[in-house]
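Have a look at the structure below before the remarks.
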Amino acid sequence: MTLSELLKGCNEALQVVFPIEEYGYYGVDIVEGYTAPCFFVRIKPTTSPVNRYIRNNEVTLYINYFQSRTDEVDLFEKADKINQIFDKSVKIGDRYVHVGDVDFDFVGKDRNILQATIELQYHTAIKPNTTQPPMTEVSMRYDKEE
């Protein structure tokens, strides 16, 4: 799974509950000219090898919700629904991605923008370097000390 597939899948999971006909969806490239109500969705990936063949991927998903008019109850309703979407796992394509911590905060100058921070975890296979032919013979020398 690529990072763009992961981001697209997270947006699709949100759009099941928050239809694109009612809510705008934007990425980090939009800084002005957006229409509220809307979601800004971005990811921050971190990756590390587990062993020679497996890589651990931890991705922080940030979802910011902008209202068309300030309504605290609406913010909490959105938080509840986002929490339900990203409960224990989220389906991305034909895979399930594990959901770790889900955290909510209020950001912005007036602290009226809901921000969800969601930790996602999954593993990927490391493709071996096939430019070298496989080893077919091994010879060892053994010296015995007396």
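Throughout, residue positions are numbered sequentially from 1 according to the sequence presented.
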Under 4.5 Å between side-chain heavy atoms, counting indirect links through other Ile/Leu/Val/Met/Phe/Trp/Tyr residues: same cluster for Tyr96 and Leu61 or not?
no
Kindly indicate whether the side chain of Thr124, heavy atoms from C-beta on, has any atom under 4.5 Å from the side chain of Arg55.
yes
Non-hydrogen atoms of Asn51 and Ile126 that approach each other most closely:
O-CD1, 3.8 Å
Decide yes or no for Ile92 and Cys10: does some side-chain heavy atom of the first lie under 4.5 Å from some side-chain heavy atom of the second?
yes
Below 4.5 Å, heavy atoms only, C-beta onward: do Thr35 and Tyr26 meet side chain to side chain?
yes
Hey, are the side chains of Leu6 and Val97 touching, using non-hydrogen atoms and a 4.5 Å cut-off?
yes
Any chance the side chains of Gln115 and Asn64 put a donor and an acceptor closer than 3.5 Å?
yes
Using modelled atom types only, decide if a donor and an acceptor are shared between the side chain of Asp71 and the backbone of Val73 within a distance under 3.5 Å.
yes
Per side-chain contact (heavy atoms from CB on, under 4.5 Å), Pro45 is matched among Asn57, Thr60, Val59 by Val59
Around atom CG of Asp101, are there more than 12 heavy atoms of other residues, nucleotides or ligands at under 6.0 Å?
no
When you look at Tyr65 and Asp74, which way does the side-chain hydrogen bond (donor to acceptor under 3.5 Å, both in side chains) test go after all the steps?
CA-CA 10 Å; Tyr65 171 61; Asp74 179 54; 2.8 Å; yes
Check step by step if salt bridge (charged side-chain N to carboxylate O under 4.0 Å, His left out) holds for Arg141 and Asp143.
CA-CA 7 Å; Arg141 191 175 120 201; Asp143 292 329; 2.7 Å; yes
Less than 4.5 Å apart, any side-chain heavy atom of Ile82 and any of Phe104?
yes
Would you please classify the geometry between the Tyr23 ring and the Phe18 ring as parallel, tilted or perpendicular, with 30° and 60° separating the classes?
perpendicular
Approximate separation, where rounding is to 0.5 Å, of Lys91 NZ and Glu12 CD
11.5 Å
Hey, does the Lys NZ or Arg CZ of Arg111 hover above the aromatic six-ring of Phe106, less than 6.0 Å from the centre and inside 45° of the axis?
no
Tell me, yes or no, whether the heavy-atom count around Glu5 atom CD, taken from other residues, nucleotides or ligands under 6.0 Å, exceeds 12.
yes
Test item: Gln15 and Val17 side chains (from C-beta on) under 4.5 Å apart, heavy atoms
no
